[in-house]
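Residue numbers start from 1 in every chain, and the chains themselves are labelled A, B, ... in the order their sequence lines are given, proteins ahead of strands.
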Protein chains: 2
Amino acid sequence: VVETIDLCKVYRMGLTEIHALKNVNLKVYRGEMVAVVGPSGSGKTTLLNLIGTLDKPTSGKIYIDGEDITTKSEKELTLLRRRKIGFVFQFYNLIPVLTAYENVELPLLISGVPKKEREERVRRLLEMVGLEDRMNHRPDELSGGEQQRVAIARALVNNPSIILADEPTGDLDTETGLMVVQLMRKLAKEEDSTVIMVTHDPQISEIADRIIYLRDGRIIGEHKSDD
Amino acid sequence: VVETIDLCKVYRMGLTEIHALKNVNLKVYRGEMVAVVGPSGSGKTTLLNLIGTLDKPTSGKIYIDGEDITTKSEKELTLLRRRKIGFVFQFYNLIPVLTAYENVELPLLISGVPKKEREERVRRLLEMVGLEDRMNHRPDELSGGEQQRVAIARALVNNPSIILADEPTGDLDTETGLMVVQLMRKLAKEEDSTVIMVTHDPQISEIADRIIYLRDGRIIGEHKSDD
Ligand SMILES: Nc1ncnc2c1ncn2[C@@H]1O[C@H](COP(=O)(O)OP(=O)(O)OP(=O)(O)O)[C@@H](O)[C@H]1O
Ligand SMILES: Nc1ncnc2c1ncn2[C@@H]1O[C@H](COP(=O)(O)OP(=O)(O)OP(=O)(O)O)[C@@H](O)[C@H]1O
Ligand SMILES: [Mg+2]
Ligand SMILES: [Mg+2]
């Protein structure tokens, strides 16, 4: 459902070139949960941003459900993102003036979901991540891990077929982290969605079906999880 | 060197009251590295912000080097922070328009350190956290973990006697995380500084001399580390 071919990304800063991704070839199948692990600076966020159409490759191809997204217009990409992709950002990107509830509701408002159904889905997701008592808090009235859980709920509320999660448990204790990732896995299995999850936590990566290893912008190996 | 007595913090939102800290009694000794662990939302950041004078308690006392900081003026608190406290924030708070180098240099500029010595100390710290090749990058040109390491270097550059680190390895892979915390410990031992470190990572908490457990705003236990 997601495929990259010889994917490269070079950041240019004046005369300096940073080769963040070098010929990355990756296949992720429908219903799979894949973990991407690697040292700080190895290119994980860059990879996720390219797959999520938030940035453009320097060279190489990216296919989502068989369509080459490198040839799409901005308008087509925006529609694709809205319909198919749920993104948990490394730094959440919550809207500061909206409450937790309103932040999670936003994708449903954009998709035109009717009020009663919106309310049910937002409440259900906030309960599932343990934030039923924090719905009316704005981001600056939430702890780091609570903000992270709002970001996760927001990414899942629209039932996207592809979930891209950049370090979804970085600010969570072990128990809460395992809970949200098990939740993502459960929802993905129910909907036959695909999850690509960047993580530094070995315990979290073990929940995935397959673990892909990145180093200095290259895939250096992968293995199936043993459960 | 740090002592809290019956420390309480209540956040008020309209008619709602959130009791984030409830009668916290804590003693931290000079040269000690203490880890504070607990579930998301248990009050760790609140505790660190109170000790770091970034926020005021609702009731209770906080002593730093024997001085009651709850009775100090804003001016006195600012001087205290500048002289004694180095803070690694849960969300870094780097200055977006400054490079990594300039962000780390800032505390030294504020303290009036001469140019040659500033340059030596900034470079040394950035090398120690593995960012010698990223000195001229601004925060938006850095990966999450690279930004976190800039924040750590900045907190350490002024040789503060009290280092408060809020989840300093949340965006770092295991190897890099262990490296920076071993670095903090080494520098603290050399300077006889004190480190209070909030962390969700059991491996990181094991590096500390003592681990304090927080739950629902209360200290529920502690134990010495076994090394
Ligand atoms: N400004 C605020 N107004 C209301 N409630 C707040 C405010 N700031 C924090 N809280 C609440 O206080 C509690 C403690 O917050 P704190 O940030 O100290 O938790 P934490 O232990 O650091 O959590 P995490 O591990 O998720 O970072 C949380 O439940 C949070 O929702
Ligand atoms: N806009 C940019 N300009 C220049 N270099 C960049 C830019 N963005 C990222 N980089 C560099 O590209 C490399 C890969 O960055 P990326 O954010 O993908 O790493 P990462 O694997 O997500 O790291 P982390 O685990 O620390 O979040 C890093 O070394 C970073 O310094
Ligand atoms: Mg990243
Ligand atoms: Mg916190």
Side-chain angles (χ1 to χ4, degrees), chain A residues 11-16 18 20 37-49 89-92 94 99 129-131 133-149 166-167 169-177 179-180 198-203 205 213-215, chain B residues 11-16 18 20 37-49 89-92 94 99 129-131 133-149 166-167 169-177 179-180 198-203 205 213-215:
Chain A
Y11 294 112
R12 290 192 179 84
M13 297 166 56
L15 294 172
T16 322
I18 308 270
V37 306
S40 172
S42 54
K44 307 179 297 295
T45 294
T46 302
L47 177 59
L48 232 56
N49 286 350
F89 297 93
Q90 191 164 4
F91 295 112
Y92 319 160
L94 297 180
T99 63
V129 297
L131 291 179
D133 298 331
R134 293 288 181 271
M135 291 204 250
N136 299 325
H137 288 233
R138 288 189 317 270
D140 67 350
E141 296 166 330
L142 291 170
S143 79
E146 291 168 344
Q147 292 176 38
Q148 189 158 36
R149 285 181 270 161
D166 200 344
E167 315 237 11
T169 64
D171 280 297
L172 299 175
D173 52 286
T174 308
E175 188 177 344
T176 313
M179 179 204 27
V180 300
V198 165
T199 182
H200 282 311
D201 190 332
Q203 242 186 327
S205 63
Y213 295 87
L214 209 61
R215 179 183 285 276
Chain B
Y11 293 111
R12 290 191 180 83
M13 297 166 56
L15 294 171
T16 323
I18 309 268
V37 307
S40 172
S42 54
K44 306 180 296 297
T45 294
T46 301
L47 177 60
L48 232 56
N49 285 351
F89 297 92
Q90 190 164 3
F91 294 113
Y92 318 161
L94 297 179
T99 63
V129 297
L131 292 178
D133 298 331
R134 293 287 182 270
M135 290 204 248
N136 300 324
H137 289 232
R138 288 187 318 271
D140 66 351
E141 295 166 331
L142 291 171
S143 78
E146 290 166 346
Q147 293 176 38
Q148 189 158 38
R149 285 181 272 161
D166 200 343
E167 315 239 9
T169 65
D171 280 296
L172 299 176
D173 53 285
T174 308
E175 188 177 343
T176 312
M179 176 197 44
V180 302
V198 165
T199 182
H200 283 310
D201 190 333
Q203 241 185 331
S205 65
Y213 295 88
L214 211 59
R215 179 183 285 277

* **Options B:Ser40, B:Pro202, B:Gly130, B:Gly145, ranked by heavy-atom pairs under 4.5 Å with chain A, top entry** => B:Ser40

* A:Leu142 versus chain B, heavy atoms under 4.5 Å apart: side chain, backbone, both or neither? -> neither

* Can you say whether A:Glu141 sits under 4.5 Å from chain B via the side chain, the backbone, both, or neither, judging by heavy atoms? -> side chain

* Asked: If only atom types and distance count, is the side chain of B:His200 paired as donor or acceptor with the main-chain N or O of A:Gly170 below 3.5 Å?
  -> no

* Please look at B:Gln147 and chain A and tell me whether the side chain, the backbone, both or neither of the residue comes under 4.5 angstrom of a heavy atom of that chain. => side chain

* Under 4.5 Å from any heavy atom of chain B - which part of A:Ser143 -> side chain

* **Part of B:Glu167 lying under 4.5 Å from any heavy atom of chain A** => side chain

* So which of A:Thr45, A:Leu172, A:Thr199 has the largest heavy-atom pair count under 4.5 angstrom toward chain B? -> A:Leu172

* To the nearest 0.5 Å, what is the distance between CG (A:Asn136) and CE (B:Met13)? -> 6.5 Å

* Which bit of B:Tyr11 is near chain A, if near means a heavy-atom gap under 4.5 Å: side chain, backbone, both or neither? -> neither

* Structure fact -> Scored by heavy-atom pairs under 4.5 Å with chain B, the best of A:Glu175, A:Arg134, A:Gln90 is A:Gln90

* Highest number of heavy-atom pairs under 4.5 Å with chain A: which of B:Ile18, B:Thr176, B:Thr16? -> B:Ile18

* **Between CG on residue B:Asp173 and CG on residue A:Asp201, distance to nearest 0.5 Å** => 11.5 Å

